[in-house]
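Down below is the structure, laid out as structure tokens.
Computed from a prediction, not measured in an experiment: that's the story for all the values here. We name chains A, B, ... by the order of the sequence lines, and we start the count at 1 in each one.
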Amino acid sequence: MGTTTGTAAGTRDTTGSPRSRLLGVVTLLAVAVLGVLAFVLTDPDVRIHPTTGEEFGQFDAVRMLYVHVPLAVMTYLAYGICAVASVGVLVKRTPWWDVTAHAAAEVGTVFCGLVLVTGSIWGRPVWNTWWEWGDVRLMTTLVLFLMFTGYLALRRTTDDPRRQARRAAVVALVAVLDIPLVNRSVEWWENRTLHQRSTIGELKIEDLTLFTLFFGFVTAGLVLAWLLLHRFRVGWLEQAALDHGVAAAIAERHAETDDAEVLRSVGERAAGEGTSGDGEPGS
Amino acid sequence: MPDPGDGPEEVPGGSPTGPSLDLTPSPSRPERARRRPVAVVAVVAVLVAVVAVLLRTLGDASLFFYEVSEAVERRTELADARFRVVGTPQPGLVELDVDGEPAVVFTLCAGHVLADVAHVGDPAELFQPGVPVVLQGVWVAGPVPGLADLDGSSDDGWHLRTDHMVVKHDNDYRGEGAELEPCGTGVAGE
């Protein structure tokens, strides 16, 4: 269950632990149960139109929402964690905050990418389009994804860990301002989005549909927690390896200095012996 | 690199005083951290993408959806411009050819305001009367083709010629008691 990484002095060589393995098992079970609920037990969205008397709704495409909506909410959460940790980076300036921010941003970006993909798959049958340029929620979500992709790219533009952490923290705090725009866009610019207004806020969902959606939130939360935990541990091991590498480089430098001194003394002694005529230099 | 515990005889390079042995300390890390060109290019590419998305989103006024009533009000102002309009198709769809292409003709409504539509091309998969749609097209002077077969047409000497249709579904997931925007009887758009 854990990811094995290179060893560093004094650190473990895996990101797994008994508790994280338990979390992994529970997460896998939750994903399986969500699959059964979403794709087998819940009904398709079919209603009878009060005016026309014909069936309408999203039909089976509604099942994608049990995955899409929880992923979107957990994207907000992951980026929120990244923002809080970024404040920690700027205030505390310790690697723990930076590793946390980096892990949350990376996992959040995976989630955000999945939100865009699952939304697109759902939009084709329901909206009649894979993608709608100008839809304000799609655009703000895409901008969010791009900004955090930029955050991850920015982290690799320099070798200096402190500079890397500070720059990334500033970008994260700017990028996270997009989240309220994404979330409230359907209320603020109703005539610029195909997305519906909030369903849960207006209590227009009930019974097994509501339960499955909430179970989706729990499942996505477990997946997020598991991924965050392991990505954090990988980051921490990388940090330890970096520290170990620096320590090793210092030790090597000391060794070079010591060797040079030894060699110099040996050379001087050999030169002295050569001058006295006791033998060939270096013999 | 030699181990600190190794003796001098283990040092490669022949004679300890020979000319081939380089005792110069290896260069220290430069003051300024090394930059990684590929990552810098990636950051620039992302910035360009963000700007492109923002320009695409904010720069095109036609991406707004007009209510049917607004589209009717701004008919003169819109002239030949393409725009988007949201409304609910009324029952009574007519399928026919418009300018040699298959089309569906219907009346779009929001509140009590109506507009006739000739949509050229395939309609959306979930398109049906009573389910709101967003259409993209232009105003065309003259009655809509197939006007005589439409029930409750606006019949005001204009119609919308559209070629892009998406469905705007509601936020109600209840099996029973779903509330729908009334059409043809309400007051929206006044």
Would you say A:Arg47's side chain and B:Asp172's backbone share a donor-acceptor pair under 3.5 angstrom?
yes
Under a 4.5 Å heavy-atom cutoff, which of B:Ala42, B:Pro91, B:Ala49, B:Ala39 has the most pairs with chain A?
B:Ala39
I would like to know whether A:Leu194 and B:Phe65 meet side chain to side chain contact (heavy atoms under 4.5 Å, CB included); could you show each step before the answer?
CA-CA 10 Å; A:Leu194 293 174; B:Phe65 310 155; 4.1 Å; yes
Passes side chain to side chain contact (heavy atoms under 4.5 Å, CB included), A:Phe56 versus B:Gln128? Steps please.
CA-CA 8 Å; A:Phe56 77 105; B:Gln128 61 177 286; 3.5 Å; yes
Compare every heavy atom of A:Val126 with every heavy atom of B:Leu126, then report the nearest pair and how far apart it is.
CD1-CA, 3.7 Å
How about B:Asp122: does its CG atom have over 12 heavy atoms from other parts shown lying under 6.0 Å from it?
no
More than 12 heavy atoms of other groups within 6.0 Å of A:Arg162 CZ
no
Measure distances from B:Glu125 to the heavy atoms of chain A and classify the residue's part below 4.5 Å as side chain, backbone, both or neither.
both
Minimum side-chain heavy-atom gap A:Arg167-B:Val43 below 4.5 Å
no
Short side-chain to backbone donor-acceptor contact, A:Asn128 and B:Met165, under 3.5 Å:
yes
Tell me whether A:Glu187 at atom CD has more than 12 heavy atoms from other residues, nucleotides or ligands lying less than 6.0 Å away.
yes
So which part of A:Leu65 gets closer than 4.5 Å to some heavy atom of chain B, the side chain, the backbone, both or neither?
side chain
Contacts of residues 175-186 of chain A with chain B (heavy atom under 4.5 Å):
none
Would you mind checking which part of A:Phe59 comes under 4.5 Å of any heavy atom in chain B, side chain (CB onward), backbone (N, CA, C, O), both or neither?
side chain
Give, as side chain, backbone, both or neither, the part of A:Ser198 having an atom under 4.5 angstrom from any heavy atom of chain B.
backbone
Using heavy-atom distances under 4.5 Å, tell me whether A:His254 contacts chain B through its side chain, its backbone, both, or neither.
neither
Determine yes or no for a side-chain-to-main-chain donor-acceptor pair under 3.5 angstrom, with B:Lys168 supplying the side chain and A:Thr193 the backbone.
yes
Classify the ring geometry of A:Trp122 against B:His169: parallel below 30°, tilted from 30° to 60°, perpendicular beyond 60°.
perpendicular
Decide side chain to side chain contact (heavy atoms under 4.5 Å, CB included) for A:Gln58 and B:Tyr173; before the verdict, give the C-alpha distance in whole Å, the side-chain angles of both, and the deciding distance to 0.1 Å.
CA-CA 9 Å; A:Gln58 298 176 29; B:Tyr173 292 87; 3.1 Å; yes
